[in-house]
J.: 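Supplied in structure tokens, the structure appears directly below.
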Amino acid sequence: MNRMDYQETVNNIKNYLTYLKEIGINELPVSLNTKLIAKSSEPGASVGQVSRLSENKLSADIKPKTLEDVKRMIGDCKRCRLHQKRKNIVFGSGNEKAEIVFVGEAPGGDEDIQGKPFVGKAGQLLTKIIEAMELKREGVYIANIIKCRPPNNRDPLEDEISACEPFLKEQLRIINPKIICTLGTFAAQTLLKTKEKITSLRGKFYTYEGIKLMPTFHPAYLLRNPNDKKYTWEDMQKIMEEYKHHKI
Ligand code: URA
Ligand code: URA
């Protein structure tokens, strides 16, 4: 296991344990390593008190079932440094049963203040794009890889991503859309675990956890490069085509 994988695993375990603690589970079932733990802990800690749920049962019990569960699981998150300067956690908004989900990078200033994704200038363009697809903003779901604003809108760091992405993953698992549309380099590279450029990634379908995923340009990029809007429009037409097939 390389260092990055190791760090990610450690972070995942840490987040999972934090979550368990938040929902009131202070002890873990002990099976294989019972003896080891019994030996290493002082007499005060009785292994006999530990609940004996099987691991499968435990994970089925605590997997969030609704977006509200995920929100609760995030709580007043302090899992990474971004909590220090945020005004609001930007969880995501829209239809819990959406068939199309848009995923951006991280909240900017407006989003941080309002606690909602894509409400600034880039967000207004995203709304126009969604409406041009003859969809409604409330009908789809909109989220970001990172839920707290990075200072001065800098790129999110590796450890911030590994602290935050698991929650998006749960949101996507619960919504279970037909199509995910990632907006910009960062979202595409994070979900597809690649370093390829957005110019070569966009316009093609990939698979994320069994869900079709189409990368396109970020609306903030399109505001700076309006000549590239036509490419995003091509990508949206591919999404609409694919979406129609699901409806039939
Ligand atoms: N219509 C909806 O209501 N939701 C979607 O996600 C897409 C189309
Ligand atoms: N840019 C993003 O990537 N996400 C937002 O929510 C707003 C701007």
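Remember, it's 1-based here, ligands and their atoms both numbered in the order they're listed. Count residues from 1 along the sequence.
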J.: At the 4.0 Å heavy-atom cut-off, does H218 count as touching ligand 2?
T.: yes
J.: Which residue supplies the protein heavy atom nearest to atom 4 (N) of ligand 2, what is that atom called, and how far is it?
T.: N144 OD1, 2.8 Å
J.: Between A106 and ligand 2, find which residue part has any heavy-atom pair under 4.0 Å and reply side chain, backbone, both or neither.
T.: backbone
J.: Counting N and O atoms only, with roles assigned by atom type, does the side chain of T207 sit under 3.5 Å from a partner on the main chain of G210, one being a donor and the other an acceptor?
T.: no
J.: Taking the basic N atoms (NZ, or NE/NH1/NH2) and the acidic carboxylate oxygens, is any pair closer than 4.0 Å for R86 and D76?
T.: yes
J.: Apply side chain to side chain donor-acceptor pair (under 3.5 Å) to K128 and list each qualifying residue two or more places apart in sequence or on a separate chain.
T.: none
J.: If only atom types and distance count, is the side chain of S200 paired as donor or acceptor with the main-chain N or O of K197 below 3.5 Å?
T.: yes
J.: Which atoms from ligand 2 have a heavy atom of G104 less than 4.0 Å away?
T.: 3 (O)
J.: Can you check whether I113's main-chain N or O pairs, donor with acceptor, with N88's side chain at less than 3.5 Å?
T.: yes
J.: Any atom of ligand 2 sitting under 4.0 Å from a heavy atom of G123?
T.: no
J.: Side chain, backbone, both or neither: which part of E111 has a heavy atom under 4.0 Å from ligand 2?
T.: side chain
